[in-house]
2 protein chains.
Amino acid sequence: MNARSGRPALTRPDGTPVRVLVVDDDPDLAEVLSGALRYEGWEVRTARDGASAVAGARELLPDAVVLDVMLPDTNGFAVLRSLHAVRPDVCVLFLTARDAVEDRIAGITAGGDDYVTKPFSLEEVVARLRGLLRRAGMARQLEEGPRLVVGDLAMDEEAREVTRSGELIELSPTEFELLRFLMRNPRRVLSKTQILDRVWSYDFGGQAHVVELYISYLRKKVDAGRPPMIHTVRGAGYVLKPVAR
Amino acid sequence: MNARSGRPALTRPDGTPVRVLVVDDDPDLAEVLSGALRYEGWEVRTARDGASAVAGARELLPDAVVLDVMLPDTNGFAVLRSLHAVRPDVCVLFLTARDAVEDRIAGITAGGDDYVTKPFSLEEVVARLRGLLRRAGMARQLEEGPRLVVGDLAMDEEAREVTRSGELIELSPTEFELLRFLMRNPRRVLSKTQILDRVWSYDFGGQAHVVELYISYLRKKVDAGRPPMIHTVRGAGYVLKPVAR
DNA sequence: GCCTTCGCTCAGAGCCCGCTCAGAAGTTCG
DNA sequence: CGAACTTCTGAGCGGGCTCTGAGCGAAGGC
């Protein structure tokens with residue numbers, strides 16, 4: 001069982017919580033990240049530089065590491081080598097500035113690791129991590145697949161494909177992330193703030209009004225002409241529900 | 001057993017009372033809040049700034065913290081970090097002014113923490129706290145679910161759904177809160193003043209007449225054509241009772 | 001039985017919330 | 001370098017929600 005009730009957690013094969021090390025020199029960002037990962041039911045530890053990252057990894061023996069490429073003392077790649085020395089099969093998710101060295105990252109990620117560019121949304125980080133862990137055989141049997149289903153609505157996270165009763169629905173990146181968040185929390189009212197904090201980048205300064213706008217976009221594509229699955233709860237937020245039988 | 005007789009308290013897994021730290025620089029507000037939380041059967045301690053909050057947390061080791069974002073000495077994020085350092089799984093409920101536009105700290109609700117805007121109602125604060133604690137695994141086993149049931153009337157707090165004998169009932173935010181308060185105190189007469197203090201915001205200047213009005217609204221939706229569950233006790237208040245068999 | 005008190009309900013005003021449209025700025029891709 | 005797409009802002013509108021006031025009915029005291 002997850003911290004987030006009702007949804008099964010992604011765990012290690014023996015049932016113990018997945019262990020993740022977060023390495024970033026911005027303490028606020030590290031705090032937000034580790035909060036989100038703990039919310040997934042995972043065990044989290046933070047480090048703010050390369051040295052303490054390696055030390056932390058030795059203690060925690062993490063299954064995955066979220067690693068900022070730009071660190072005060074070293075760069076991420078040196079840390080990566082040390083990490084692989086500690087635990088060869090560790091998954092690494094790099095955090096990197098958009099304009100920086102994408103080619104070098106590409107070389108690294110060929111090995112099965114992955115990266116996201118700053119500024120990112122928490123949904124994206126969590127989704128990538130889940131993908132990495134799943135591929136590393138971390139899923140507790142069958143219950144954790146790359147496929148989300150709510151009623152006749154289905155999402156293949158890896159193929160980035162969404163269908164409703166078999167019909168393919170094309171979504172923009174933000175629409176996709178919003179729908180993923182909704183589908184990962186079916187039958188639960190989500191406030192606009194929750195959605196904003198989770199689906200939009202952490203540096204987004206805008207109003208909750210965008211959420212309304214994107215809900216409106218989603219409705220046009222997901223609910224179009226069909227019995228609605230996205231419901232407004234006035235004064236509270238939005239819910240995704242399978243249509244009542 | 002709870003201070004509020006007849007209703008089982010939300011307790012820690014070992015049966016001891018939930019421990020909550022209230023941090024606000026307004027002593028009156030802190031007093032009202034801690035009163036309401038003690039009424040839930042919880043152990044409460046107060047602090048009026050960030051420094052004493054961290055100190056208090058170290059002593060009390062609280063399960064949850066009610067934390068005003070606007071503190072004289074620090075910002076919410078720094079306090080959040082300190083609190084998580086003391087106890088990684090602590091839940092935080094932030095209090096924030098509605099018009100203080102950009103004190104919304106991005107990502108605050110992403111880690112499973114929550115917030116309410118001032119002015120708030122006590123029911124809302126308590127409900128949010130209960131939600132946080134429940135998700136953190138604080139519920140004494142099965143008896144405390146996200147579901148309130150009185151007779152054939154049922155409320156799912158997370159989905160914000162109310163049904164009577166299976167039929168869905170649509171409620172406005174205030175109606176919902178009022179009914180939640182009634183359902184959390186079944187078979188107990190609640191005075192209009194009690195209801196006003198609990199369901200309406202603390203800065204509400206209006207008359208007790210609104211309570212009558214909203215009871216009337218609720219009756220139309222909840223009791224409509226069915227044997228009544230909401231009863232008037234003249235000169236005393238209202239009771240919610242399951243229909244006699 | 002009458003009068004007072006208390007509670008119920010209707011109607012309406014004002015406000016706030018959420019939805020949508022249109023367009024500007026930025027991004028991606030051919 | 002242009003075209004298509006995506007994201008976000010601003011404004012307007014429609015309607016739901018909350019509360020006030022008034023009138024009416026019921027309960028209970030004298």
Side-chain angles (χ1 to χ4, degrees), chain A residues 97-99 102 117-121 123-124 160 162 169-179 189-196 199-224 228 230-239, chain B residues 98-99 101-102 106 117 119-121 123-124 160 162 169-179 189-196 199-225 228-239:
Chain A
R98 181 168 304 267
D99 46 359
E102 298 220 1
T117 56
K118 293 186 179 185
F120 46 79
S121 74
E123 265 303 288
E124 197 178 345
R160 293 209 141 227
V162 176
I169 298 174
E170 307 244 344
L171 298 177
S172 79
T174 306
E175 289 163 1
F176 182 85
E177 294 242 322
L178 173 55
L179 183 59
V189 176
L190 302 167
S191 73
K192 288 177 211 170
T193 314
Q194 273 179 302
I195 295 175
L196 216 50
V199 175
W200 269 258
S201 316
Y202 52 83
D203 71 338
F204 178 71
Q207 311 284 340
H209 173 57
V210 268
V211 178
E212 297 169 18
L213 188 61
Y214 271 85
I215 287 283
S216 148
Y217 291 158
L218 266 191
R219 278 183 169 141
K220 268 184 224 162
K221 296 183 175 181
V222 173
D223 284 345
I230 303 171
H231 304 272
T232 304
V233 183
R234 254 192 177 245
Y238 299 95
V239 214
Chain B
R98 180 176 305 263
D99 47 358
V101 202
E102 280 314 318
T117 56
F120 46 78
S121 73
E123 261 306 285
E124 198 179 343
R160 268 189 118 84
V162 175
I169 299 174
E170 309 243 344
L171 298 178
S172 78
T174 306
E175 289 163 1
F176 183 86
E177 292 241 324
L178 173 55
L179 182 59
V189 178
L190 302 166
S191 75
K192 290 177 209 169
T193 315
Q194 266 180 305
I195 294 177
L196 214 50
V199 175
W200 270 260
S201 317
Y202 52 81
D203 72 337
F204 179 70
Q207 315 279 345
H209 172 57
V210 270
V211 178
E212 297 169 16
L213 187 60
Y214 271 86
I215 287 284
S216 147
Y217 291 158
L218 267 191
R219 278 181 168 142
K220 263 186 234 163
K221 295 183 176 181
V222 173
D223 285 345
M229 293 183 63
I230 303 171
H231 305 274
T232 304
V233 182
R234 220 183 150 78
Y238 300 95
V239 213

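Numbered from 1 within each chain, the chains take letters A, B, ... in sequence-line order. Here the structure is a predicted model, which is why all the values come from computation and not from measurement. The basis for the numbers below is simple: all heavy atoms, side chains too, and nothing from hydrogens, waters or symmetry mates.
Contact annotation: side chain of B/H209 to base of C/dG7, donor-acceptor pair absent below 3.5 Å. At a cut-off of 3.5 angstrom, the base of D/dC19 holds at least one donor-acceptor pair with the side chain of B/Y217. Within 3.5 Å, no donor on the side chain of B/Y214 pairs with an acceptor on the base of C/dC8, nor the reverse.
Formation of a donor-acceptor pair under 3.5 Å by the B/K221 side chain with backbone atoms of B/E170 is found in this model.
Taking every side-chain heavy atom of A/W200 into account, D/dC8 is the closest of C/dG18, D/dC8, C/dT9. Among the nucleotides C/dC17, C/dC19, D/dT20, the one closest to the side chain of A/R234 is C/dC17.
An OP1 or OP2 oxygen of C/dG7 is reached within less than 4.0 angstrom by no side-chain nitrogen or oxygen of B/T232. Residue B/K192 places no side-chain N or O under 4.0 Å from the OP1 or OP2 atom of C/dC8. For D/dC5, neither phosphate oxygen OP1 nor OP2 lies less than 4.0 angstrom from any side-chain nitrogen or oxygen of A/S172. A sub-4.0 Å separation between OP1 or OP2 of C/dC8 and a side-chain N or O of B/S216 is absent. Contact annotation: A/R219 reaches the phosphate of C/dC19 (side-chain N/O to OP1 or OP2, under 4.0 Å).
What separates CD of A/E212 from P of D/dA11 is a distance of 15 Å, to the nearest Å. The interatomic distance linking B/I230 (CD1) with C/dG7 (P) rounds to 16 Å, in whole Å. Taking atom CG of A/L218 as the reference point, atom C1' of C/dG18 lies 16 Å away to the nearest angstrom. Between the P atom of C/dC8 and the NZ atom of B/K221 lies a distance of 18 Å, rounded to the nearest Å. One can place CG of B/L196 at 15 Å from C1' of D/dT20, the figure rounded to the nearest angstrom. Whole-Å rounding puts the A/I215 CD1 to C/dC17 P distance at 17 Å. One can place CG of B/L178 at 11 Å from P of D/dT18, the figure rounded to the nearest angstrom. Between B/E175 atom CD and D/dG16 atom C1' there is a gap of 11 Å when expressed in whole angstrom units.
Of all non-hydrogen atoms in A/L171 and A/L179, the two that sit nearest each other are CD1-CD2, 3.8 Å. Between A/A208 and A/L196 the shortest heavy-atom distance is CA-CD2, 4.0 Å.
Heavy atoms of B/L213 sit under 4.0 angstrom from at least one base atom.
Taken from CE in B/M229 to CG in B/L218, the straight-line distance is 11.5 Å, to the nearest 0.5 Å.
Between A/Y217 and A/Y214, the ring-plane angle classifies as perpendicular under the 30° and 60° cut-offs.
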